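All chains are named by letter (A, B, ...) in the order of the sequence lines, taking the proteins before the strands, and each is independently numbered beginning at 1. As the structure is a prediction and not an experimental result, all values here were calculated from the model.
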Number of protein chains: 2
Amino acid sequence: MISMRSKYGLKALGYMARTTGKDSFLIADIAQAEGIPKKFLEAILLTLKNNGILSSRKGPGGGYSLAKSPAALTIGAIVRSFEGDLAPVQCLSETQQASCPECLDEDTCGIKLVMSDVASAVSAVLDNVTLADMLQKSEFERQKRTQMMDFAI
Amino acid sequence: MISMRSKYGLKALGYMARTTGKDSFLIADIAQAEGIPKKFLEAILLTLKNNGILSSRKGPGGGYSLAKSPAALTIGAIVRSFEGDLAPVQCLSETQQASCPECLDEDTCGIKLVMSDVASAVSAVLDNVTLADMLQKSEFERQKRTQMMDFAI
DNA sequence: TATATGTCTATATTTCATGTAGACTAATCC
DNA sequence: GGATTAGTCTACATGAAATATAGACATATA
């Protein structure tokens, strides 16, 4: 399960990417539009900024902006901002170079060997889907639904 | 991150599968051999039994046994015993037929669409690796290490 | 200087994972 | 059939983490 942070972060970024004609967004506006607790969103956007995904400006006329184009932002990078590396077991984490506390022999640990394949599979998906792709998938579903409704009429 | 339950469960099953010449195992013996808190292991083995992965007999001469051969037990089935279905978001869970509480429009949710691909990728790995495969991978690594040591001498 | 806006620190609350204690049930053996 | 062995069940303790909230602070603009 991914955290609410990740979901809220993705929703906020989706909102910013999909809203054309604006490039700067207030925390309060994003929070209201996406139904995210404002104070919680503050911390989330800050995390995204610290990970190079958003940029910000203080003061009147300020707000948050996407640091890169939606097609240049992978879902992997976004989710990793909140979940750390996506290691299914500690010993596969690259950021915290640590072994699993209970492991008796890490070199030959079968769990590690299998989970390594899982980690690769997850990364293969998330690092090859961008924020733009995600919005496009969503839009495609919306079109499908619209057409079904037209057909029904 | 998978839970300690899953890791302990996999370790216990690995121990049982790899120990030849015995088919019934005492909780206490498994706990000691694999360094797992005994009381905790009790609950874990019970879960595995309730999921059809282990069988048990009470009384003297009793203990736990694998319900199927290691080649017939997938890592997916084992891990799912502890983690539930491996849905990265609630709305993709099949067991608890629930939508994500914060979702505004589940039909077109981009997060759901992307995470569906993640779930498929994870299942593709875990449902195609068996307990026997896991042990074999481990043994292969052990052989590699032995050969490196021979070479060093 | 006043105001708008993001940033930081601290804390409250809840939930969950991990682990422990002890009573209970069932099977075997003598 | 009583003693012993071994799994099963219920309850709880503890600690960590996720989800928020409050309020003070810093900085940019007009």
S.K.: Let me know the distance between CD of B:Glu102 and C1' of D:dT19, rounded to the nearest Å.
M.R.: 12 Å
S.K.: If I compare all heavy atoms of A:Leu135 with all of A:Ala17, which pair ends up nearest, and what's the gap?
M.R.: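 Distance-wise, the nearest heavy atoms are CD1-CB, 3.5 Å.
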S.K.: Nearest whole angstrom, please: distance from the P of D:dA20 to the CD1 of A:Ile36.
M.R.: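 Checked: the CD1 to P distance equals 10 Å.
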S.K.: Do any N or O atoms of the protein come closer than 3.5 Å to N or O atoms of nucleotides 11-16 of chain D, and which pairs are they?
M.R.:
none

S.K.: Any side-chain N or O of B:Ser56 under 4.0 Å from OP1/OP2 of D:dA6?
M.R.: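 No, because none of the side-chain N or O atoms of B:Ser56 sits under 4.0 Å from OP1 or OP2 of D:dA6.
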S.K.: Whole-Å distance between C:dC8 P and A:Leu45 CG?
M.R.: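 Whole-Å distance recorded here is 13 Å.
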S.K.: What is the per-nucleotide protein-contact pattern of nucleotides 20-30 of chain C, from the 5' end, where B denotes a base atom under 4.0 Å from a protein heavy atom, S denotes such proximity for sugar-phosphate atoms only, and - denotes neither?
M.R.: BBB--BSBB--
S.K.: Backbone N or O of B:Thr108 within a donor-acceptor pair of the A:Ser138 side chain at under 3.5 Å?
M.R.: yes
S.K.: Not counting sequence neighbours, which residues clear salt bridge (Lys or Arg N to Asp or Glu O under 4.0 Å) with A:Asp107? List them please.
M.R.: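 Residues passing salt bridge (Lys or Arg N to Asp or Glu O under 4.0 Å) with A:Asp107: B:Arg145.
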S.K.: Could you pull out all donor-acceptor pairs under 3.5 Å where a side-chain atom in residues 124-134 of chain B meets a protein atom, sequence neighbours excluded?
M.R.:
residue  : atom : partner  : partner atom : Å
B:Asp127 : OD1  : B:Arg80  : NH2          : 2.2
B:Asp127 : OD2  : B:Arg80  : NH2          : 2.7
B:Asn128 : ND2  : B:Ala124 : O            : 2.7
B:Thr130 : OG1  : B:Ala132 : N            : 3.3
B:Thr130 : OG1  : B:Asp133 : N            : 3.0
B:Thr130 : OG1  : B:Asp133 : OD2          : 3.1
B:Asp133 : OD2  : B:Thr130 : N            : 2.9

S.K.: Stepwise, does the side-chain contact (heavy atoms from CB on, under 4.5 Å) test hold for A:Thr47 with A:Arg5?
M.R.: CA-CA 10 Å; A:Thr47 297; A:Arg5 292 180 130 81; 5.6 Å; no
S.K.: What verdict does the side-chain contact (heavy atoms from CB on, under 4.5 Å) test give for B:Ile111 and A:Ile75, after you've listed the backbone C-alpha separation in whole Å, the side-chain angles of each residue and the deciding distance to 0.1 Å?
M.R.: CA-CA 9 Å; B:Ile111 300 173; A:Ile75 305 300; over 6 Å; no
S.K.: State whether A:Tyr8 places a side-chain N or O below 4.0 Å from either non-bridging phosphate oxygen (OP1 or OP2) of D:dA20.
M.R.: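 It does, given that an N or O in the side chain of A:Tyr8 lies less than 4.0 Å from OP1 or OP2 of D:dA20.
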S.K.: What is the distance, rounded to the nearest whole Å, between atom NZ of A:Lys49 and atom C1' of C:dT7?
M.R.: 8 Å
S.K.: Please state how far atom CD in A:Glu83 lies from atom C1' in D:dA18, giving the value in whole angstrom units.
M.R.: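 Taking CD of A:Glu83 and C1' of D:dA18, I get 11 Å after rounding.
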S.K.: Could you list by number each residue of residues 15-28 of chain B showing a heavy-atom separation from DNA chain D of less than 4.0 Å, or answer none if no residue does?
M.R.: B:Phe25, B:Leu26, B:Ile27
S.K.: Remember a base hit wins even if backbone is also touched, and classify A:Phe82 as base, sugar-phosphate or nothing at under 4.0 Å, heavy atoms.
M.R.: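 Contact class for A:Phe82: none.
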S.K.: So A:Leu10 and B:Val114, side-chain contact (heavy atoms from CB on, under 4.5 Å) or not? Walk me through it.
M.R.: CA-CA 11 Å; A:Leu10 286 168; B:Val114 173; over 6 Å; no
S.K.: Measure from CE on B:Met4 to P on C:dA17 and round the result to the nearest Å.
M.R.: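 Answer to the nearest Å: 13 Å.
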S.K.: Can you measure B:Ile2 atom CD1 to C:dT18 atom C1' for me and round it to whole angstrom units?
M.R.: 15 Å
S.K.: Could you check how far CG of A:Leu46 sits from C1' of D:dT27, rounded to whole Å?
M.R.: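 For the pair A:Leu46 CG and D:dT27 C1', the rounded distance is 14 Å.
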S.K.: For residues 10-23 of chain B, which residue pairs pass the salt bridge (Lys or Arg N to Asp or Glu O under 4.0 Å) check, not counting sequence neighbours?
M.R.: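 Checked against salt bridge (Lys or Arg N to Asp or Glu O under 4.0 Å) - neighbours excluded - the pairs reaching residues 10-23 of chain B are B:Arg18-B:Glu34.
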S.K.: Apply side-chain contact (heavy atoms from CB on, under 4.5 Å) to residues B:Ser6 and B:Ser3 and explain how you reach the verdict.
M.R.: CA-CA 5 Å; B:Ser6 289; B:Ser3 62; 3.5 Å; yes
S.K.: In Å and rounded to the nearest 0.5 Å, what is the CG to CG distance from B:Asn50 to B:Leu45?
M.R.: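 Interatomic distance, B:Asn50 CG to B:Leu45 CG, rounded to 0.5 Å: 11.0 Å.
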S.K.: Between A:Gln143 and A:Gln147, does a side chain to side chain donor-acceptor pair (under 3.5 Å) hold up when you go through it step by step?
M.R.: CA-CA 6 Å; A:Gln143 297 281 354; A:Gln147 281 170 23; 4.6 Å; no
